[in-house]
Engineer: 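Take a look at this one; I'll ask things after.
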Amino acid sequence: MAFLEIANLRKTFGPLSVVQNFELAVERGEFVSFLGPSGCGKTTTLRMVAGFEGPSSGTIRINGQDVTRLRPNQRNVGMVFQSYALFPNMTVAENVGFGLKVAKRPAAEIGPRVEEMLRLIKLPTLGGRYPYQLSGGQQQRVALARALAIKPQVLLLDEPLSALDAKIRVSLREEIRAVQRSLGITTVYVTHDQEEALSMSDRIVVMSEGRIEQIGTPFEIYNFPRTRFVASFVGTLNILRGRVADAAQGRIAVDDQEIVAARGIADGQAGQIRSVALRPEAVSLADAGGERNRMRGTIEEVNFLGSVVRIRVRFKENAISLDTFNNPSVAPPQRGQPVTVSFAREDLLVLEGAEAG
Amino acid sequence: MKRSKLGPWLAIALGVLYFVVPLIGTFEFSLRMRRGEYSFDAYQVVLADPRFQATFAYSTVLALATIVVGVLLVVPTAYWIQLRLPKLRPVVEFITLLPLVIPAIVLVFGYLRIYNSSSLLPMTASERATDVLLTFSYVTLALPYMYRAVDTGLRAIDVRTLTEAAESLGASWATILFRVIFPNVRVAVLSGAFLTFAIVIGEFTMASLLDRPAFGPYLQLIGANRAYEPSALAVIAFIVTWACMGLIQVFARGARGMSAESR
């Protein structure tokens with residue numbers, strides 16, 4: 001049995017359905033991220049797990065116990081907020097020890113636990129400071145320590161790094177992951193930043209318009225997106241529209257040039273219009289030989305980005321972008337130049353669902 | 001082009017004259033009790049008067065009771081409005097403004113009609129019950145000031161997130177209110193408290209018509225029968241009010257310093 005089980009969860013606000021049929025099983029010690037754009041229902045789902053929102057239907061179980069109707073203060077769930085939410089009238093140590101004090105733990109237990117938490121977040125000397133005397137990154141680390149001090153069953157983080165600058169975000173996400181690993185705590189992390197989700201998570205739940213689009217490891221989500229939404233939301237992706245020539249063999253015609261998807265075309269029929277996806281890094285400007293897909297086109301745009309040169313090649317209706325490393329001894333190609341691009345058949349992903357012609 | 005500063009300075013000078021000259025006049029007059037020389041005789045007479053001490057003590061006690069009742073009524077209400085019922089905010093704001101629009105005399109006649117000794121709830125039947133009624137009427141009078149002060153304080157903090165953070169750490173509603181919310185609106189509550197104190201100390205209508213020995217009716221009584229003492233009392237009343245305003249400034253400055261550092 002999974003440690004955190006969310007079954008058939010729904011949330012509606014009047015006629016608006018913000019979370020629909022959400023099903024998820026999180027194993028003990030797993031780090032799962034909810035990834036999606038604003039308004040996709042990821043924060044509402046997290047808030048239902050925390051108990052701040054009541055679901056319209058469905059159940060939430062933590063360690064086998066049904067917590068769906070329990071108040072937030074009865075769930076033993078740690079929460080870290082985007083805006084830190086440290087109590088301004090309390091010192092760092094008082095903030096970290098607040099949950100233990102509320103639980104009426106003896107002072108002999110609270111003191112050492114607070115010290116342990118402050119050491120864990122690498123701020124052992126700042127216990128006497130007030131939140132306004134700390135930087136944003138330090139405040140968020142204190143918020144993490146405060147949430148962990150009560151030894152919660154599940155740790156929930158609601159876009160905890162969004163208010164921080166880019167450099168601190170990167171270092172803090174590594175710290176959060178290290179702390180989570182060292183404690184082995186089951187964690188749900190909400191973010192709209194794909195890089196955060198990809199770099200931190202054991203699994204990612206990609207959401208759109210209140211629905212789960214795909215659940216998978218970062219490797220699966222990035223390399224094998226199942227829907228057009230996942231493909232376009234996670235990473236940069238080329239989407240090409242073509243007509244299925246032979247579904248079993250995975251042959252599809254894109255702008256009159258036939259290419260092959262090694263995995264075939266699931267539920268495909270000849271003549272259907274389908275979308276295929278291709279990562280820029282899978283495309284090569286040179287013809288690498290072997291059993292690869294090849295397409296002829298014209299260079300439409302060349303963007304010099306420093307270490308990388310991004311090139312867009314136009315066929316007819318469709319175009320693809322590809323990245324090549326900058327080589328100081330080779331000049332980048334010119335606009336209008338005819339080229340052949342190639343890519344492995346395994347790298348071509350056929351997205352679910354036929355489209356109108 | 002450099003604009004002339006004469007106009008603004010003239011306006012300030014006129015304003016200062018308008019407000020300060022009567023005060024100086026009152027103060028100067030209060031010092032003239034002894035014929036031919038200035039003295040604090042009027043102040044000595046007033047401060048030695050047992051009725052002054054009794055009425056001032058009575059009003060002080062009622063002011064403190066009003067502050068306690070007002071804070072216990074207003075803070076949870078404003079907190080709940082901000083947290084759960086933000087749509088009701090305009091309605092509550094309107095209600096809290098009513099005491100500014102409805103004259104105190106109308107309010108007190110309403111009280112006398114509803115709570116007279118032959119009513120279902122005869123609050124005017126005994127002195128203690130009338131004191132309670134007077135305290136509640138003072139809470140009503142001070143409501144616009146107390147509510148606004150507390151509401152402003154609550155708007156300055158992220159009430160919802162702080163509440164949720166405390167809840168997720170296992171805190172009950174009482175713990176959240178008394179350990180998290182109250183301490184963070186302390187300055188706002190103190191501002192409301194000092195304003196309440198200043199209002200209650202000088203209030204006349206309610207206390208007079210409910211026949212209670214408060215400082216306001218005493219001021220009126222002295223004013224009707226003495227020459228120099230009323231001026232001394234007016235100056236004392238002003239000093240009490242100004243001390244309250246000064247304390248608000250002191251506490252507010254402390255809070256401003258703290259929030260400025262946090263940015």
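In the text below, chain A, chain B and the rest are named by the order of the sequence lines, each starting its count at 1.
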Engineer: Would you please go through residues 63-84 of chain A and name the residues with a non-hydrogen atom below 4.5 Å from one of chain B, in numerical order?
Structural biologist: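 Under the 4.5 Å heavy-atom cut-off, A:Arg71, A:Pro72, A:Asn73, A:Val77, A:Met79, A:Phe81, A:Ser83 qualify.
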Engineer: Side chain, backbone, both or neither: which part of A:Arg146 has a heavy atom under 4.5 Å from chain B?
Structural biologist: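 Both backbone and side chain of A:Arg146 come within 4.5 Å of chain B.
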Engineer: Of the non-hydrogen atoms in B:Leu162 and A:Ala85, which two are nearest, and what is the gap between them?
Structural biologist: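 Taking B:Leu162 first and A:Ala85 second, the nearest heavy atoms are CD2-O, 3.7 Å.
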Engineer: In residues 53-85 of chain B, which residues are in contact with chain A at a heavy-atom separation under 4.5 Å?
Structural biologist: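 If one takes a 4.5 Å heavy-atom cut-off, no residue of residues 53-85 of chain B lies near chain A.
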Engineer: Answer yes or no: does atom CZ of B:Phe19 have more than 12 heavy-atom neighbours from other residues, nucleotides or ligands under 6.0 Å?
Structural biologist: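 No, the 6.0 Å shell around CZ holds no more than 12 heavy atoms from other groups.
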Engineer: Would you please go through residues 165-180 of chain B and name the residues with a non-hydrogen atom below 4.5 Å from one of chain A, in numerical order?
Structural biologist: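 B:Ala165, B:Ala166, B:Glu167, B:Ser168, B:Leu169, B:Gly170, B:Ala171, B:Ser172, B:Trp173, B:Thr175, B:Arg179, B:Val180, listed by number.
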Engineer: Take atom CZ in A:Phe3; do more than 12 heavy atoms of anything else shown fall under 6.0 Å from it?
Structural biologist: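 Yes, because the 6.0 Å sphere around CZ of A:Phe3 holds more than 12 heavy atoms from other groups.
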Engineer: Count the heavy atoms belonging to other residues, nucleotides or ligands that lie under 6.0 Å from CZ of A:Phe87, then report whether that count exceeds 12.
Structural biologist: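 Buried by this count: over 12 neighbours within 6.0 Å.
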Engineer: In this structure, are over 12 heavy atoms from other groups packed under 6.0 Å from B:Arg186 atom CZ?
Structural biologist: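 No.
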Engineer: If the contact rule is any heavy atom under 4.5 Å from chain B, which residues of residues 163-171 of chain A qualify, in numerical order?
Structural biologist: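 Residues qualifying by a heavy atom under 4.5 Å from chain B are absent, so none.
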Engineer: If you measure from CG on B:Asp158 to CG on A:Leu86, what distance do you get to the nearest 0.5 Å?
Structural biologist: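 Separation between the atoms: 11.5 Å.
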